[in-house]
Amino acid sequence: MQKKHLIQIDDLSRSEIEEILALAETYLELNKNKDEQKHHLGSFTQINVFFENSTRTLASFELAGKKLGGIVQNIQVATSSVQKGETLIDTALTLNAMRPDLLVVRHSSSGAVNLLSEKVNCSVLNAGDGSHEHPTQALLDFLTIKYRKKKTEDLIIAICGDISHSRVARSNIALLCKFNNQVRLVGPGNLLPASFKDMGLEIYNSMEDGVRGADVIMMLRLQKERMKFGFIPSKREYFNRFGLDNQKLSLAKDDAIVMHPGPMNRGVEIDGIIADDLNRSVIQEQVEIGVALRMAILHLLVDRQK
Ligand code: NCD
């Protein structure tokens with residue numbers, strides 16, 4: 001990898017993305033073998049600093065680091081000095097003085113991870129900053145698509161729901177467009193920024209039209225924590241219009257897959273029956289692939305420092 005940090009998808013070239021996917025596929029196979037659980041990279045120290053709550057992303061980065069033989073330390077904001085008034089920069093300098101090789105950072109403000117990366121010596125990995133980007137989620141989504149669809153180009157991908165507040169959507173858009181896919185953004189007008197139209201993306205305010213003929217349907221949660229006022233009249237109405245149920249799914253291609261980065265809200269953006277349908281839903285695969293994908297990125301960033 002050319003760049004020291006991974007803050008956004010545009011930090012990576014196409015060939016670097018292909019290299020990450022290839023290495024992640026190797027780790028995915030190794031992780032299935034119980035006898036081959038540790039793939040030592042040599043000693044490295046990874047600190048996961050999460051200023052925002054997380055379950056799967058934190059666990060995934062922690063496991064990935066440990067499987068590679070690293071020393072992994074988690075710092076959760078609820079118990080950190082940030083609660084005592086320390087600034088982001090001071091936190092960064094404190095962590096830097098502990099000489100980690102990698103900092104994995106999640107923050108509720110867009111741009112905070114980038115700011116922090118300018119103050120430290122080690123590599124910084126963005127685990128989600130505000131509604132800006134979540135690059136490792138997009139990369140693991142991309143590898144899941146490759147696994148299921150056996151290709152990474154010429155696909156029709158509908159990203160549905162609360163696009164406005166979603167860093168997952170932004171990273172996925174950047175990545176899918178690098179690889180020549182047809183990306184559709186589907187959702188209510190007030191959750192779909194007009195600026196996306198200028199980028200040449202297809203915008204749909206009807207779920208039925210948006211998923212028609214799609215190869216991949218990516219569902220997103222309503223990011224209530226980032227909404228400054230009520231964007232939806234009621235959950236029931238939202239589900240009726242924008243929730244993925246069998247009737248809407250039947251309009252997509254017969255072999256269309258359904259994705260969700262989690263955490264999902266059954267009966268709001270997705271019908272629980274679809275989430276549990278293993279012929280359609282790849283939600284659990286995304287989680288498994290996520291560990292392998294993060295191992296690949298940690299590996300390449302550690303190697304880069306040698
Ligand atoms: C996403 C996130 O935190 O941006 N979750 C995740 O990382 N798997 C999406 C979300 O919170 O809805």
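Atoms within each ligand, like the ligands themselves, are counted from 1 in listed order. Numbering starts at 1 and runs along the sequence shown.
- Looking only at atom types and distance, the side chain of D141 has a donor-acceptor partner in the side chain of Q137 under 3.5 Å away.
- A salt bridge between E153 and K149 is absent, with no side-chain N of the basic residue lying under 4.0 Å from a carboxylate O of the acidic one.
- Residue pairs meeting the salt bridge (Lys or Arg N to Asp or Glu O under 4.0 Å) criterion with at least one partner in residues 284-301, sequence neighbours excluded, are R148-E285.
- Pairs of residues two or more places apart, or lying in two chains, that qualify as ring-ring contact (aromatic ring centres under 6.0 Å, His included) and include a residue from residues 162-219 are F142-F179, H165-F231.
- Annotation: side chain to side chain donor-acceptor pair (under 3.5 Å) contacts involving residues 236-254, sequence neighbours excluded, comprise D215-K253.
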Walk me through it: do T152 and N181 pass the test side chain to side chain contact (heavy atoms under 4.5 Å, CB included)? CA-CA 8 Å; T152 52; N181 290 291; 5.5 Å; no
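- Near ligand 1, R56, T57, R106, H134, Q137, R167, V168, R221, Q223, P261, G262, P263 each place a heavy atom less than 4.0 angstrom from the ligand.
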